[in-house]
Engineer: 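Questions regarding the structure given below will be posed in turn.
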Number of protein chains: 2
Amino acid sequence: MTSTPSPLDATQLGAYFALIEASSLLKHAVEQQLREAGDLSYVQFQLLATLGDSPTGSRRMTDLADGVVYSRSGLTYQAQTLEKRGLVTRSQSSDDERGVTVTITDGGRAVLAEVFPGHVAVLDDLLFAALSRADIETLADVLARARDHMRQTPPRSAQPRRRKRTTAANQP
Amino acid sequence: MTSTPSPLDATQLGAYFALIEASSLLKHAVEQQLREAGDLSYVQFQLLATLGDSPTGSRRMTDLADGVVYSRSGLTYQAQTLEKRGLVTRSQSSDDERGVTVTITDGGRAVLAEVFPGHVAVLDDLLFAALSRADIETLADVLARARDHMRQTPPRSAQPRRRKRTTAANQP
DNA sequence: AGCAAGTGCTTCGGATTCGAAGCAACTGCG
DNA sequence: CGCAGTTGCTTCGAATCCGAAGCACTTGCT
């Protein structure tokens, strides 16, 4: 199992740590703002934002979960919570009897709008303030590439059940 | 409070989303590896790694918490857990009677060593595979800058108690 | 058509998380 | 010196999170 993976050099380590650290710091700061401005957790905000972004204002549960990188059961919990608050509705998908479609309500959009300016302000102050235009462009480009690559790996929802094919890391 | 914060442009939004998404995906992948390889959660790994990185192998609780961007109470919990497993020890700081110094044990170092190769492998496969040398260097540079800027804001441990001074953004 | 495997979501139980409150030691200022 | 305010950590209670197991519908294969 210990197949001598090339040890990371200093730059790689730096990139990795900086990525984790920066995202953690940002997430926490944003989380506080969201809590105060609209009593939303970060995930809840992500869910509403994802839905709001959709042309129809709705998505299937699994797609939502994969989109925000969340467990299915966790999403069920959050969907219930948001539904109780009247920010989303849940309904059976028309084509698939099992599927549940989550839709953002006007109330949900209102909260989103309520919270958004402050959200942007935090981003400006914390993330973008220290970066040049070019930095931001590069960041967007590089991270998008990394993300796309990671998305190729089967998402959250596919792993657990069955492991019919080869299991893990491997190349003959 | 709605001070018309400049709306983000597409690039900024892209950078932000990519950052959050990429870090989430990476974190989850790493988490699975850590769980399998050494039954460690991500935070636990971060804590051990931080301690292992220290010349003395030890740190004070608050510094640890701020280092990994964690709540104090959460750290207390994790420190207990790690102590039970014999991966760290806790002792009173010599200079400050209240302070607690956490130190990594040989067992802790062993687990770290056990887990590290696989950890690196995941990083290679998921994060670095899609990026060029130059990409990685840029990423390290830009994110380090962002992180350092965010670190200027008082850390986790300073916020909660008292708000004796002005509340938010400000410089006299 | 009919059954076995697969997929979508929820429920369940337990682990982890956080902020607020509490306790103890430290500090500074009268 | 002595006490009010701070600071370091833990305890407490409640919220959130996840994976495993369960249930219901769908699909593929014969």
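Given the structure is predicted, the values throughout are model-derived calculations rather than measurements. Numbered from 1 within each chain, the chains take letters A, B, ... in sequence-line order. Scope of the values below: all heavy atoms of this structure, side chains included, with no hydrogens, waters or symmetry mates.
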Engineer: To the nearest 0.5 Å, how far apart are CD in Gln80(A) and CG in Leu75(A)?
Structural biologist: 10.0 Å
Engineer: For Asp125(B), is there any backbone N or O sitting under 3.5 Å from a side-chain donor or acceptor partner on His149(A)?
Structural biologist: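 Yes; judged by distance alone, with no hydrogens or angles, the pair exists.
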Engineer: Round to a whole Å and report the spacing from CD of Glu83(B) to P of dC9(D).
Structural biologist: 14 Å
Engineer: Within this structure, what is the CG-to-P distance between Leu40(A) and dA15(D), rounded to whole angstrom?
Structural biologist: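 In whole Å, dA15(D) P lies 16 Å from Leu40(A) CG.
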Engineer: Check this for me, if you would: do Glu137(A) and Arg133(A) make a salt bridge, where the nitrogen-to-carboxylate-oxygen distance has to be below 4.0 angstrom?
Structural biologist: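 The answer is yes: the pair qualifies as a salt bridge.
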Engineer: So, are Asp66(B) and Arg59(B) salt-bridged, with charged N and O less than 4.0 Å apart?
Structural biologist: no
Engineer: Ignoring hydrogens and geometry, is there a side-chain-to-backbone donor-acceptor pair from Glu21(B) to Ala18(B) under 3.5 Å?
Structural biologist: no
Engineer: Would you please confirm or rule out a distance under 4.0 Å between OP1 or OP2 of dG8(C) and any side-chain N or O of Gln92(A)?
Structural biologist: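 For Gln92(A), the contact criterion (side-chain N or O under 4.0 Å from OP1 or OP2 of dG8(C)) is not met.
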Engineer: Going by number, which of residues 48-58 of chain A have a non-hydrogen atom under 4.0 Å from DNA chain D?
Structural biologist: none
Engineer: Quick test of your reading: applying ring pair (Phe, Tyr, Trp, His ring centres under 6.0 Å), list the pairs with at least one residue in residues 34-61 of chain B, sequence neighbours left out, ordered by first then second residue.
Structural biologist: Phe45(B)-His119(B)
Engineer: In Å, rounded to the nearest 0.5 Å, how long is the span from CE of Met61(B) to OG1 of Thr76(B)?
Structural biologist: 4.0 Å
Engineer: Detail all sub-3.5 Å separations between protein N/O atoms and N/O atoms belonging to nucleotides 24-26 of chain D.
Structural biologist:
| residue | atom | partner | partner atom | Å |
| --- | --- | --- | --- | --- |
| dC25(D) | O2 | Arg98(A) | NH1 | 3.2 |
| dT26(D) | OP1 | Glu97(A) | N | 3.1 |
| dT26(D) | O4' | Arg98(A) | NH2 | 3.4 |

Engineer: Look at the side chain of Thr62(B) and decide which nucleotide, out of dT11(D), dG8(D), dC9(C), has an atom nearest to it.
Structural biologist: dG8(D)
Engineer: For the CZ atom of Arg147(A) and the CZ atom of Arg151(A), what is their distance to the nearest 0.5 Å?
Structural biologist: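 Interatomic distance, Arg147(A) CZ to Arg151(A) CZ, rounded to 0.5 Å: 7.5 Å.
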Engineer: Can you measure Glu36(A) atom CD to dG19(C) atom P for me and round it to whole angstrom units?
Structural biologist: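 Rounded to the whole Å, the gap is 11 Å.
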Engineer: Just the rounded figure in Å: distance from P of dG8(C) to CZ of Arg90(A).
Structural biologist: 17 Å
Engineer: Should Leu87(A) and Leu40(A) count as side-chain neighbours, where that means a heavy-atom distance under 4.5 Å?
Structural biologist: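 Yes, close enough: below the 4.5 Å cut-off.
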Engineer: How long is the gap from CG on Leu127(A) to CZ on Arg145(B), to the nearest 0.5 Å?
Structural biologist: 11.5 Å
Engineer: In whole Å, what is the span from the NZ atom of Lys84(A) to the P atom of dA15(D)?
Structural biologist: 10 Å
Engineer: Whole Å only: how far is the CG atom of Asp63(A) from the P atom of dC9(C)?
Structural biologist: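 Roughly 8 Å, once rounded to whole Å.
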Engineer: What would the secondary structure line of DNA chain C be in dot-bracket form, counting Watson-Crick and G-U wobble pairs under 3.5 Å, with [ ] for pairs that cross earlier ones and | for pairs with another strand?
Structural biologist: ||||||||||||||||||||||||||||||
Engineer: Tell me every residue that passes side-chain hydrogen bond (donor to acceptor under 3.5 Å, both in side chains) with Thr89(A), counting only those two or more places apart in sequence or in another chain.
Structural biologist: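 Thr89(A) satisfies side-chain hydrogen bond (donor to acceptor under 3.5 Å, both in side chains) with no residue once adjacent residues are dropped.
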Engineer: To the closest 0.5 Å, what do you measure between CG (Asp141(B)) and CG (Asp135(A))?
Structural biologist: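 Output value for this atom pair is 7.0 Å.
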Engineer: At a cut-off of 3.5 Å, list every protein nitrogen or oxygen paired with a nitrogen or oxygen from nucleotides 13-17 of chain C, distance to 0.1 Å.
Structural biologist:
| residue | atom | partner | partner atom | Å |
| --- | --- | --- | --- | --- |
| dT16(C) | OP2 | Tyr77(B) | OH | 2.6 |
| dT17(C) | OP1 | Tyr70(B) | OH | 2.5 |
| dT17(C) | OP2 | Tyr70(B) | OH | 2.5 |
| dT17(C) | OP2 | Gln78(B) | NE2 | 2.3 |
| dT17(C) | O5' | Tyr70(B) | OH | 2.7 |

Engineer: Are OP1 or OP2 of dG8(D) and a side-chain N or O of Arg72(B) less than 4.0 angstrom apart?
Structural biologist: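 Yes, because at least one side-chain N or O of Arg72(B) sits under 4.0 Å from OP1 or OP2 of dG8(D).
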Engineer: Only one of Thr81(A), Val68(A), Leu34(A) clears side chain to side chain contact (heavy atoms under 4.5 Å, CB included) with Gln44(A); which?
Structural biologist: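 Going through Thr81(A), Val68(A), Leu34(A) one by one, the side chain to side chain contact (heavy atoms under 4.5 Å, CB included) with Gln44(A) is satisfied by Thr81(A) alone.
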Engineer: Let me know the distance between CE of Met61(B) and P of dT7(D), rounded to the nearest Å.
Structural biologist: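 That distance rounds to 18 Å.
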Engineer: Measure from OH on Tyr42(B) to C1' on dC17(D) and round the result to the nearest Å.
Structural biologist: 18 Å
